[in-house]
J.: 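Here it is, the structure in full.
Labels below follow one simple rule: chain letters A, B, ... track the order of the sequence lines, proteins then strands, and each chain is numbered from 1.
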Amino acid sequence: MIRKKVFHLAQLSAIGLTGYYIGQCNGKNTTQDCIEVDGKLLTSLPALPVFGTVSAAVPYTESGGSKDTTRVSQIMKYGFPGLDNIRSYDDYVLSYDRRTRVPHWVFEHLTKAHIAKNDQVDRSKCDFMPDESIHPFFRSLNSDYKGSGFDRGHMAAAGNHRLAQKHVEQTFYLTNMAPQVGEGFNRHAWNRLEKHVRKLTKLYDHVYCCTGPLYLPRKESDGKSYVRYQVIGANTVAVPTHFYKVVVGEAPDGTLDMEAYVMPNQKIPDETPVSSFMVPPETIERAAGLLFFDKIHRSKLSRINGKKV
DNA sequence: TTTGCTGT
């Protein structure tokens, strides 16, 4: 176990997470943050979960890739939007917000192969499941969503992870969910946006997709602005007011194009085109407190939202 | 098609 942790640390150092360590063993509330191995207390690292459900650095051997290239470093090639409570799964990476019980951001890397039809993969066999790597105080449960009227909406879409049954199953962790309006949003307008992102793999060899919630202020009748959002269930899971997607496509000739979208978490008329939700990426960064694709010099971007820059 | 829910 200890050797394995050292390996993980070495792997993650390569992608710029060294020095990210917050100890939690203080004799109080230590059930999930510390683990006893061979009579010694091991402190879990936020970026390096010791639980079997998550793996920080599994070498990606699917297509003969170098053993030095981890799937995590492929997915996160253009930078981490933030570093709060990182969890990495076999085919996506997220940052979890303990306060809202909803992720800050979820990162995916798509290619044609990842979304190709695969008869070996069956979504109907998947179950929504709580993520045991999150402390119980901050963990969302199926019971929180039940009867709430909201869908358990995937941030990393199940349809983006068809390479392996294990990959699609891991998108069903509740760490990857946020309460979404079902009719007219998750099952319709938002779904259309997800399909649009998948279609980008026809134009680009590599598509990098970052998805997450927003809690936007709104001016109320007293003329002042407030951030107001519903919470659901015993664990008070936050219902985001909006969701964003920031997407970068890498063309065969190496040019990079970016698209950024914000959609309100509400019923949206069916005829509304996806393009009408485009916004300047900077507005999402300011609202979310995150920096997207900060390893890409903006001068290397050919287009933003379809316009030359 | 893909996104999910509720009721049995």
J.: If you look at every strand shown and take non-hydrogen atoms under 4.0 Å, does A/Glu194 touch a base, only sugar-phosphate, or nothing?
T.: sugar-phosphate
J.: Does the separation of the ring centres of A/Phe107 and A/Tyr78 fall below 6.0 angstrom?
T.: no
J.: Taking CG from A/Asp127 and C1' from B/dG4, how many angstroms apart are they, rounded to a whole number?
T.: 14 Å
J.: Could you check if a side-chain atom of A/Tyr204 sits within less than 4.5 angstrom of a side-chain atom of A/Thr111, using non-hydrogen atoms only?
T.: no
J.: Hey, can you tell me if A/Phe243 and A/Trp190 have their rings parallel, tilted or perpendicular (30° and 60° cut-offs)?
T.: tilted
J.: CD1 of A/Ile115 versus C1' of B/dT2: gap in Å, rounded?
T.: 13 Å
J.: Mind calculating the distance between CD1 (A/Ile268) and C1' (B/dT3) to the nearest angstrom?
T.: 14 Å
J.: Does A/His188 place a side-chain N or O at less than 4.0 Å from the phosphate oxygens OP1/OP2 of B/dT3?
T.: no
J.: With distance as the sole test, does A/Asn265 use its side chain to make a donor-acceptor pair with the main-chain N or O of A/Pro240 at under 3.5 Å?
T.: yes
J.: Is any side-chain N or O of A/Lys195 under 3.5 Å from a base N or O of B/dT1, one able to act as donor and the other as acceptor?
T.: yes
J.: I'd like to know if A/Tyr92 and A/Ile134 are part of one continuous hydrophobic network [Ile/Leu/Val/Met/Phe/Trp/Tyr, side-chain heavy atoms within less than 4.5 Å].
T.: yes
J.: What contact category does A/Arg198 fall into here, base, sugar-phosphate, or nothing, at under 4.0 angstrom with non-hydrogen atoms?
T.: sugar-phosphate
J.: Pull out every protein N or O sitting under 3.5 Å from an N or O of nucleotides 5-8 of chain B, one pair per line with the distance.
T.:
from: B/dC5; atom 1: OP1; to: A/Arg152; atom 2: N; distance (Å): 3.0
from: B/dC5; atom 1: OP1; to: A/Arg152; atom 2: NE; distance (Å): 2.9
from: B/dC5; atom 1: OP2; to: A/Arg152; atom 2: NE; distance (Å): 3.3
from: B/dC5; atom 1: OP2; to: A/Arg152; atom 2: NH2; distance (Å): 2.5
from: B/dC5; atom 1: O4'; to: A/Arg187; atom 2: NH2; distance (Å): 3.1

J.: Rounded to whole angstroms, how far apart are NE2 on A/His154 and P on B/dT1?
T.: 19 Å
J.: Between A/Phe243 (CZ) and B/dG4 (C1'), how many Å, whole number?
T.: 14 Å
J.: Considering every strand and a 4.0 Å limit on heavy-atom distances, what is the contact class for A/Gly159: base, sugar-phosphate, or nothing?
T.: sugar-phosphate
J.: Take the protein atom CG of A/Asp119 and the nucleotide atom C1' of B/dT1, then report the distance between them rounded to whole Å.
T.: 14 Å
J.: Rounded off to whole Å, could you give me the CZ-to-C1' distance for the A/Phe185 and B/dT2 pair?
T.: 15 Å
J.: Mapping A/Lys117 and A/Gln180 onto DNA chain B by nearest heavy atom, which one lands closer to the 5' end?
T.: A/Lys117
J.: Check whether any side-chain N or O of A/Arg303 sits under 3.5 Å from a backbone N or O of A/Val309 as a donor-acceptor pair, and report yes or no.
T.: no
J.: Over how many whole Å does the gap from A/Arg123 atom CZ to B/dT1 atom C1' extend?
T.: 11 Å
J.: Pair A/Phe150, A/Tyr145 - check ring-ring contact (aromatic ring centres under 6.0 Å, His included), show working.
T.: CA-CA 7 Å; A/Phe150 291 95; A/Tyr145 285 82; 8.6 Å; no
